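These notes concern the structure reproduced below.
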Amino acid sequence: MFAGLPELGISNGEDLKETLTNCTEPLKAIDQFQMENGILLPTLQSALPFLDLHGTPRLEFHQSVFDELREKLMERVVVIAEGKEEDRYRKLEELLEKSFPLVKMPSIQPVVMQVLKHLPKVPEKKLKMVMADKELYKYIVEKEAALFSSDLSILHNFFSPSPKTRRQGEVVLKLTQMIGKNVKLYDMVLQFLRTLFLRTRNVHYCTLRAELLMSLHDLDISEICSVDPCHKFTWCLDACIREKFVDGKRARELQGFLDGVKKGQEQVLGDLSMILCDPFACNTLVLSIMRNLQELLSQDALPRDSPDLMLLLRMLSLGQGAWDMIDSQVFKEPRLDLEVVTRFLPAMMSVVVDDHTFTVEQKLPSEEKSSLSYPTTLPESFNRYLQENRVACEMGLYYVLHIAKLRNKNALQRLLPALVETYNDMAFGDIFLHLLTGHLTLLSDEFGSEEFCSVVFDGFLLTSFSSKENVHRHTLRMLLHLHHKMSPSYMETLMKTLEPPKQCSEPLKELYNQLTEKMEAQKKSPPPTDETPSLDLGLHPVTVPTTASTPTTPL
């Protein structure tokens, strides 16, 4: 906390410790230390004992004086910066040199930031040191903690908070305050986020990039918003994220921004792709694609004939290609594989038709029924594109979530095994597993069937839990909520399989222990009664004509 004090010749806690360790008279040593390191004002020394008599701690007094002096100093920085003196920037640079060693001290940091904001040219090295502050990594830690939250619900998940609520987070506010109106600082922060995204592939840095811009927008910082070429695009997309849907009017606006990227300014595509790579943007795009497909089905129309669908796929593709674009520095929109539209999506539609045909068959009088059983395999092109194409895989995963929302056990049992092999193991990523585990709570009663459990666990989750600790954790998170629904014998076998290895993280051990304790407590008390949550699924029902070729189950 007090890093940097020795560099300025000021004693810190270590010096006091050393003084007390080596002295013979501790009280005299403390008096001497206070004399040397207190406020150096001779007229004050005689006043301090009066404060002692009034029971005012020395710390409280020094803190109030310190706060007052800091405010005066920050005001003085603004006066110097806005003055007419020719050497005003030299004065600020000198102040920066003196104060910079204390940049990590929360109490001094505002002074350093105030000076940085008012310097026309900020030393690159110093900016990098400011941005390397570990406090700023808290953002990523918070996002990842939210994905492993113990709360498992379809109504309250990672994507539930509104964009405006998310922008009230500590790190976003801190960055916004630090940047103020300084375009140079803003550019430096963006460059830092791009670098971190490249180095880690962590998509939460893309979220932070969008949130930061919109936080400055909320404060009407036109000095920055007017020069960021992504501002209007991000603002429009932010409204879509708030509604969890891209409507036709906004789709045309977004298309206008994409088509308006001028020759020679293609680098803007790198930033636009990063904004579209934000999981909140991606979630909105895929939910909109699902709804679009649902409407196409109701109209007996083909995916290739929908301009809105093609634009949504274009934006999804641009977002999914963000890392490659920034890494290669080749700023061209990735070409969408048209077979995703002409082969993959029709294959997905055929799965819906199969489901509908079976449902209709079950409702027929017994004499008209055929021996039709529910299909277990999937179209070859569906499986192939899940494995080979990033955009198709994202849509396939959201289709599985949609099926779970409808509590369609048959379709889920058919689809889950296909997720064992997906493009870049996307089905075992934290965002999808976070959503899937929440959605599966809707089918909690089905976990009483060992056949269903076998599909969920043996057929999917347990195929990779030993090599991917995150899958292990998500599996335990779900069991904490559903274990009482499962047969004791199956649960016993699962617990043996899921016992954490010796070399594993603390959160994994903790989850396993929690589950063990919960199961022990359950043996001693009756099982809880479940309340089915009311649902707002974000998908509006569409009336589908009941013909032999069109399913009644909405997509």
Side-chain angles (χ1 to χ4, degrees), residues 128 131-134 136-148 158-159 166 169 171-172 175 188-213 230 234 237 241 267-286 315-337 386-398 419 421-436 464-465 467-474 505 507:
K128 280 182 179 163
M131 291 305 301
D133 188 341
K134 283 201 174 108
L136 303 179
Y137 291 96
K138 274 165 66 173
Y139 182 88
I140 303 299
V141 173
E142 283 163 12
K143 290 284 174 206
E144 288 173 350
L147 288 170
F148 286 102
F158 182 74
F159 293 114
R166 288 189 278 118
V171 176
V172 178
L175 277 173
M188 186 69 202
V189 173
L190 292 193
Q191 189 50 46
F192 196 70
L193 292 177
R194 285 183 208 108
T195 306
L196 284 170
F197 175 50
L198 267 185
R199 197 182 300 157
T200 63
R201 286 185 182 259
N202 194 317
V203 290
H204 301 311
Y205 288 113
C206 299
T207 308
L208 184 51
R209 194 262 181 258
E211 283 181 358
L212 187 56
L213 173 54
C230 300
T234 311
L237 188 61
I241 293 169
Q267 207 160 340
V268 173
L269 281 173
D271 263 9
L272 290 176
S273 72
M274 209 169 154
I275 282 156
L276 287 165
C277 185
D278 162 22
F280 289 86
C282 181
N283 178 61
T284 304
L285 291 173
V286 193
M315 289 195 290
L316 185 60
S317 181
L318 183 55
Q320 298 257 323
W323 191 90
D324 296 322
M325 190 186 292
I326 297 167
D327 181 49
S328 66
Q329 293 289 290
V330 176
F331 299 104
K332 271 170 66 178
E333 277 195 51
R335 191 183 291 275
L336 176 69
D337 182 351
L386 272 189
Q387 293 166 26
E388 296 175 7
N389 187 280
R390 194 163 19 196
V391 174
C393 185
E394 193 73 63
M395 289 189 287
L397 295 181
Y398 268 76
L419 303 189
E421 287 183 53
T422 50
Y423 183 90
N424 210 17
D425 270 351
M426 281 165 67
F428 295 117
D430 288 330
I431 291 174
F432 176 68
L433 288 178
H434 168 89
L435 294 172
L436 180 68
S464 75
F465 87 100
S467 59
K468 296 180 189 296
E469 192 178 281
N470 71 310
V471 181
H472 201 153
R473 283 177 68 184
H474 283 293
S505 68

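Throughout, numbering of the chain's residues begins at 1 and tracks the sequence. This structure is a prediction, so every number in the text was calculated from the model and none was measured. Values reported hereafter were calculated over all heavy atoms of this structure, with side chains retained and with hydrogens, waters and symmetry mates removed.
Once rounded to the nearest 0.5 Å, the distance linking CZ of F428 with CG of L433 reads 7.5 Å. Expressed to the nearest 0.5 Å, how far CD of Q191 lies from CG of L196 amounts to 10.0 Å. Interatomic distance, R194 CZ to R209 CZ, rounded to the nearest 0.5 Å: 6.5 Å. Note that the OH atom of Y139 and the CD atom of E144 stand 11.5 Å from one another [nearest 0.5 Å]. Taken to the nearest 0.5 Å, the OG atom of S464 stands 11.5 Å off from the CD atom of E421. Note: L193 CG to M188 CE = 10.5 Å, rounded to the nearest 0.5 Å.
In this structure, the side chain of S317 does not engage the main chain of L336 through any donor-acceptor pair within 3.5 Å. In terms of modelled atom types and a separation under 3.5 Å, the side chain of N424 and the main chain of R390 share no donor-acceptor contact. The backbone N or O of I326 lies less than 3.5 Å from a partner atom in the side chain of Q329, making a donor-acceptor pair. When atom types are taken as modelled, the side chain of D278 and the backbone of F280 share a donor-acceptor pair closer than 3.5 angstrom.
Residues F432 and Y398 place their aromatic rings such that the two centres sit no closer than 6.0 Å. A distance below 6.0 Å separates the ring centres of H474 and F148.
No side-chain heavy atom of L435 sits less than 4.5 Å from a side-chain heavy atom of L397. Between Y205 and T200, the closest side-chain pair of non-hydrogen atoms falls below 4.5 Å. Side-chain contact between C282 and L316: present, with at least one pair of heavy atoms (C-beta onward) separated by less than 4.5 Å. Looking at heavy atoms from C-beta onward, L419 lies in side-chain contact with L386 at the 4.5 angstrom threshold. Side-chain contact check for S273 versus F331: every heavy-atom pair is 4.5 Å or farther apart. The side-chain heavy atoms of Y423 and Q387, taken from C-beta on, include no pair separated by under 4.5 Å. Taking 4.5 Å as the limit, some side-chain heavy atom of E469 sits within range of a side-chain heavy atom of S505. Considering only heavy atoms from C-beta on, D324 stays 4.5 Å or farther from P334 through its side chain.
Of all the heavy atoms in P279 and H204, the pair that sits closest is CG-ND1, 4.5 Å. N470 approaches G429 most closely through the heavy-atom pair ND2-C, 4.2 Å. When all heavy atoms of I241 and R166 are compared, the closest pair comes out as CG2-NH2, 3.8 Å.
Between K468 and D425 there is a salt bridge, with a side-chain nitrogen of the basic residue lying less than 4.0 Å from a carboxylate oxygen of the acidic one. A salt bridge does not link R199 with D327: every distance from a Lys NZ or Arg NE/NH1/NH2 to an Asp or Glu carboxylate oxygen is 4.0 Å or more.
Counting heavy atoms of neighbouring residues, nucleotides and ligands inside a 6.0 Å radius, atom CD of Q267 does not exceed 12 of them.
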